[in-house]
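Report on the following structure.
Because the structure is a prediction, the values reported are computed rather than measured. Side-chain atoms are counted along with the backbone in the values below, which use heavy atoms only and exclude waters and symmetry mates.
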Amino acid sequence: MNWGYVIGLFGIALCVLFCGMGSAMALNKTGQAAAGVLGEEPKRFSKVLVLVVLPATQGIYGFVYAIVASGSLTPEMSIYSGLALLLASLPLTVNGFISAIFQGKSSVSCIYAVAKKEQLSGKLILFPAMIETYAILSLVISLLLLA
């Protein structure tokens, strides 16, 4: 068994797993909030849709990273190369998970604000989008560390 390959694969798998879990947890909360708002005001669907799905992007980033990083996996990679791949995965693994959860919380608050004042929907996207910035930066750093 080639332990370098296993360690590298483990790093990629953790990244996909944690980014996906963070997004799923956040989408659960945003979906619940949107269901509550839409139960009262169904016409606000288009106003809350972006806020609902915004935390899904971290899961997508984990998926994209896994596709790119899997190109670095080779059956004969050394343990050091496997560890390097594992370490390159850590920025997105950790920040993808955490930023998805916090982005979901921010989105939920914004969804409730849209329920009170529909005209704010375009402006409110800014708040969870700022959290998105850090997920994108983590993706970029993890991709740069692959090189």
Side-chain angles (χ1 to χ4, degrees), residues 1-38 44-117 120-147:
M1 174 179 287
N2 184 341
W3 286 105
Y5 181 83
V6 171
I7 292 168
L9 190 60
F10 182 70
I12 294 170
L14 277 180
C15 187
V16 172
L17 178 69
F18 276 87
C19 288
M21 282 189 329
S23 286
M25 292 166 65
L27 290 170
N28 174 47
K29 295 297 185 187
T30 59
Q32 289 176 17
V37 169
L38 296 176
R44 295 199 176 154
F45 176 77
S46 63
K47 302 292 184 182
V48 299
L49 180 62
V50 173
L51 291 166
V52 170
V53 300
L54 202 53
T57 54
Q58 282 84 342
I60 295 167
Y61 298 155
F63 177 73
V64 168
Y65 175 78
I67 290 172
V68 174
S70 65
S72 299
L73 286 171
T74 60
E76 63 277 339
M77 59 190 314
S78 69
I79 289 179
Y80 297 112
S81 295
L83 284 171
L85 186 52
L86 172 66
L87 293 174
S89 303
L90 285 181
L92 184 57
T93 301
V94 174
N95 197 41
F97 178 71
I98 293 170
S99 67
I101 292 169
F102 284 113
Q103 190 174 42
K105 290 179 180 193
S106 177
S107 292
V108 165
S109 296
C110 293
I111 289 167
Y112 291 146
V114 168
K116 292 180 181 181
K117 197 160 191 171
L120 292 175
S121 64
K123 294 176 182 173
L124 290 170
I125 291 172
L126 177 64
F127 301 121
M130 291 305 297
I131 299 167
E132 180 81 17
T133 303
Y134 293 96
I136 293 169
L137 292 174
S138 295
L139 171 63
V140 170
I141 291 301
S142 285
L143 289 172
L144 288 173
L145 290 173
L146 286 176

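In terms of heavy-atom proximity, I131 sits nearest to F102 at CD1-O, 3.7 Å. The two atoms that bring A100 and P55 nearest to each other are O-CB, 4.0 Å, heavy atoms only. Of all non-hydrogen atoms in I12 and S70, the two that sit nearest each other are CD1-N, 3.8 Å. What you find for L73 and G8 is that their closest heavy atoms are CD2-C, 3.8 Å. The minimum heavy-atom distance between C19 and L92, with the atom names listed, is SG-O, 3.4 Å. The minimum heavy-atom distance between G11 and T93, with the atom names listed, is O-OG1, 4.3 Å.
To the nearest 0.5 Å, atoms CG (L85) and OH (Y5) are separated by 10.5 Å. If you take CD1 on I7 and OH on Y80, they are separated by 10.5 Å, rounding to the nearest 0.5 Å. With rounding to the nearest 0.5 Å, the separation of CD1 in I101 from CG in N28 is 11.5 Å. Remark: K117 NZ to L124 CG distance equals 11.0 Å, nearest 0.5 Å. Residue I136 holds its CD1 atom at 13.0 Å from CD1 of I141, rounded to the nearest 0.5 Å. Atoms CD1 and OG, on I111 and S106 in that order, are 9.5 Å from each other to the nearest 0.5 Å.
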task: Please test L137 against V140 for side-chain contact (heavy atoms from CB on, under 4.5 Å), starting from the C-alpha separation and ending with a verdict.
output: CA-CA 5 Å; L137 292 174; V140 170; 5.6 Å; no
query: Should F97 and M25 be marked as a side-chain contact (heavy atoms from CB on, under 4.5 Å) after you check the CA-CA gap, both sets of side-chain angles, and the distance that decides it?
result: CA-CA 9 Å; F97 178 71; M25 292 166 65; 4.0 Å; yes
field: Verdict with supporting geometry, Y112 and V37, side-chain contact (heavy atoms from CB on, under 4.5 Å)
entry: CA-CA 7 Å; Y112 291 146; V37 169; 4.3 Å; yes
query: Please walk me through it: do F18 and V94 pass side-chain contact (heavy atoms from CB on, under 4.5 Å)?
result: CA-CA 7 Å; F18 276 87; V94 174; over 6 Å; no
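No donor-acceptor pair closer than 3.5 Å links the side chain of S142 to the backbone N or O of L139. Using a distance-only test at 3.5 Å, with no hydrogens or angles considered, a donor-acceptor pair links the side chain of R44 to the main chain of V114. Not a single donor-acceptor pair under 3.5 Å links the side chain of T30 to the backbone N or O of V108. No donor-acceptor pair under 3.5 Å is formed between the side chain of S23 and the backbone N or O of G20. Using a distance-only test at 3.5 Å, with no hydrogens or angles considered, a donor-acceptor pair links the side chain of S107 to the main chain of L51.
Neither side chain, Q103 nor Y134, offers a donor N or O lying under 3.5 Å from an acceptor on the other.
The closest side-chain heavy-atom distance from L146 to Y65 is below 4.5 Å.
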